[in-house]
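Working notes, beginning with the structure itself.
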Amino acid sequence: MSNDDNDSFPTNEEESFDIDRHIRFLEMNYQLIPSFYEGQEINHLTLAYFVISGLHMLHAIDRVDREAVIDWVLSFQAHPKNEAELNNGQFYGFYGSRSSQFHSLDNEVTVPNNSHLASTYCALAILKTVGYDFSLINSSSILKTMKHLQQPDGSFMPIHTGAEVDLRFVYCAAVISSLLDNWSGMDKEEAKNYILSCQSYDGGFGLIPGQESHGGATYCAVASLRLMGFMEDDLVFQSTSSSIIDVPLLLDWCLQRQAVDGGFQGRPNKASDTCYAFWIGGVLRMIGANKFIDQTTLREFLLTCQSKYGGFSKFPGQFPDLYHSYYGFTAFSMLQETGLNSLDVELGISSIIL
């Protein structure tokens, strides 16, 4: 194997979490997003979430211009022109990028693009991270119109029309409600019932009822139930008869996702992947079972994905990307790495006290 093929493997001198290199990696992405991400322009706000939340995780939020970040994020909020528009069925949250604010043509008819639940989650997470005063934001239009996105079965669509529904967007709605400290935008009971319908026979959760269990979906299910107040702390040690989910099966499914190389896989018979150290590791932490993780081998696996350029890759030996870098940082935070902020696992950002 050539040196070029081994860019992400740590050398003997790099077998530790290289916080300074990670900060430089994020700073470079803060200044200029690489051309590799051109196809992700519509997710610009999400990429910014990884960068800014990552810098905060690394105790380096002072590297960003706080006021510039706030102004930039707020510029993506969709605002109704009048009170009547709050009832037109559209969602007035945050757009994901500048281009998504443009109107498009559909059969020569101007069609507005839509603000998105995931983009709204990322926007609020960034604002929370930089210490923005949420009393200054127009939250009523977000919450009133978020109701339009909840479906009769309790699930959520991310935009007002023509989109899929699954647990990812239930989670986004729950985080939005939690960050704004206002649950008027969703029916928690209906959302809970939808989540419970997604638990599979093996204990994990699929994105929709009847679908294969998946690490990301399982995280979204458990975190949403926690945020909505339907799950206790340290659930694994509580009476299983009082739980609304099958905890023993969930625990077994999650523990089986740690592979022989120490990493976590998102589904059975898949390769270990950096991000699942957060998605699965986070579930285990939320139910009070993180002590069952083999932390030594997990750390060793993650360090094989640490790049000499800073950041983390999906698999060992690949180039780093923002998504896997951020979830690598969150994984090391849960491993209590020195120099990192603690993690609010349910919200997916650093624990922030204002």
Side-chain angles (χ1 to χ4, degrees), residues 19-38 40-79 91-102 113 115-139 141-143 172 175-181 278 310-312 320-330 333 339-344 346-354:
I19 190 168
D20 292 332
R21 188 167 294 177
H22 295 315
I23 291 172
R24 290 195 296 272
F25 171 77
L26 291 177
E27 278 190 286
M28 287 189 293
N29 281 276
Y30 173 69
Q31 297 295 338
L32 182 67
I33 295 289
S35 60
F36 170 80
Y37 291 102
E38 284 180 350
Q40 291 290 315
E41 194 280 334
I42 198 169
N43 297 318
H44 199 171
L45 203 52
T46 302
L47 298 175
Y49 158 72
F50 294 140
V51 172
I52 295 167
S53 297
L55 285 168
H56 192 279
M57 190 75 61
L58 302 178
H59 277 290
I61 195 63
D62 60 321
R63 310 299 176 93
V64 308
D65 183 330
R66 176 181 178 275
E67 294 303 322
V69 167
I70 290 171
D71 290 344
W72 182 76
V73 171
L74 291 177
S75 73
F76 291 109
Q77 187 172 6
H79 296 281
F91 174 52
Y92 291 95
F94 284 80
Y95 297 99
S97 69
R98 196 64 67 212
S99 67
S100 64
Q101 292 176 303
F102 301 154
N113 282 304
S115 55
H116 196 284
L117 268 182
S119 302
T120 304
Y121 159 68
C122 290
L124 295 179
I126 293 171
L127 292 173
K128 178 76 170 180
T129 297
V130 298
Y132 183 67
D133 181 356
F134 276 15
S135 69
L136 301 176
I137 200 169
N138 179 9
S139 60
S141 63
I142 297 173
L143 295 167
C172 288
V175 174
I176 290 165
S177 301
S178 178
L179 288 173
L180 295 177
D181 195 23
F278 170 75
F312 287 84
D321 63 82
L322 286 172
Y323 173 86
H324 290 92
S325 295
Y326 182 65
Y327 290 116
F329 303 150
T330 60
S333 175
L340 271 64
N341 268 318
S342 60
L343 177 70
D344 188 318
E346 289 84 357
L347 295 178
I349 57 176
S350 299
S351 300
I352 299 167
I353 301 175
L354 300 178

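Numbering of residues begins at 1 and proceeds along the displayed sequence. Just so it is clear, the structure is predicted and the values come from calculations on it, not from any experiment.
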Inset, instruction - Flag the pair Leu47 / Asn29 as yes when at least one side-chain heavy-atom distance between them is below 4.5 Å, and no otherwise. - result: no
Legend entry - Spacing of Leu58 atom CG and Arg21 atom CZ [to the nearest 0.5 Å]: 14.0 Å
Legend entry - His22: ring-ring contact (aromatic ring centres under 6.0 Å, His included) partners, not counting sequence neighbours: Phe17, Phe312, Phe329
Inset, instruction - Check the pair His59, Leu340 against side chain to side chain contact (heavy atoms under 4.5 Å, CB included), reporting the backbone distance first and the verdict last. - result: CA-CA 6 Å; His59 277 290; Leu340 271 64; 5.6 Å; no
Inset, instruction - Answer yes or no: is there a side-chain heavy-atom contact under 4.5 Å between Ser178 and Leu347? - result: yes
Inset, instruction - Tell me, please, which residues at least two apart from Glu27 pass salt bridge (Lys or Arg N to Asp or Glu O under 4.0 Å). - result: Arg63
Inset, instruction - Nearest 0.5 Å please: distance from the OG atom of Ser139 over to the CD1 atom of Ile176. - result: 11.5 Å
Legend entry - Side-chain heavy-atom pair Gln101, Phe76 within 4.5 angstrom cut-off: yes
Legend entry - Value rounded to 0.5 Å, distance of CD1 in Ile70 from CG in Asp65: 9.0 Å
Inset, instruction - Not counting sequence neighbours, which residues clear side chain to side chain donor-acceptor pair (under 3.5 Å) with Ser350? List them please. - result: His56
Legend entry - Partner residues of Gln31 under the side chain to side chain contact (heavy atoms under 4.5 Å, CB included) criterion, sequence neighbours left out: none
Legend entry - Results of ring-ring contact (aromatic ring centres under 6.0 Å, His included) for Tyr326 - residues two or more places apart only: Tyr49, Phe50
Inset, instruction - Taking the side chain as every heavy atom from C-beta outward, state whether Tyr95 and Leu45 have any pair of such atoms under 4.5 Å apart. - result: no
Inset, instruction - Decide yes or no for Ile126 and Ile349: does some side-chain heavy atom of the first lie under 4.5 Å from some side-chain heavy atom of the second? - result: no
Legend entry - Sub-4.5 Å side-chain heavy-atom contact between Ser325 and Phe25: yes
Inset, instruction - Considering non-hydrogen atoms only, spot the tightest contact between Arg66 and Gly131 and give its length. - result: NH2-O, 3.0 Å
Legend entry - Shortest non-hydrogen contact from Leu117 toward Cys172: O-CB, 4.0 Å
Inset, instruction - Could you tell me whether the side chain of Val69 reaches within less than 4.5 Å of the side chain of Tyr132, counting heavy atoms only? - result: no
Legend entry - Side chain to side chain, Val64 and Val51, heavy atoms closer than 4.5 Å: no
Legend entry - Residues that Gln77 engages under side chain to side chain donor-acceptor pair (under 3.5 Å), provided they are two or more places apart: none
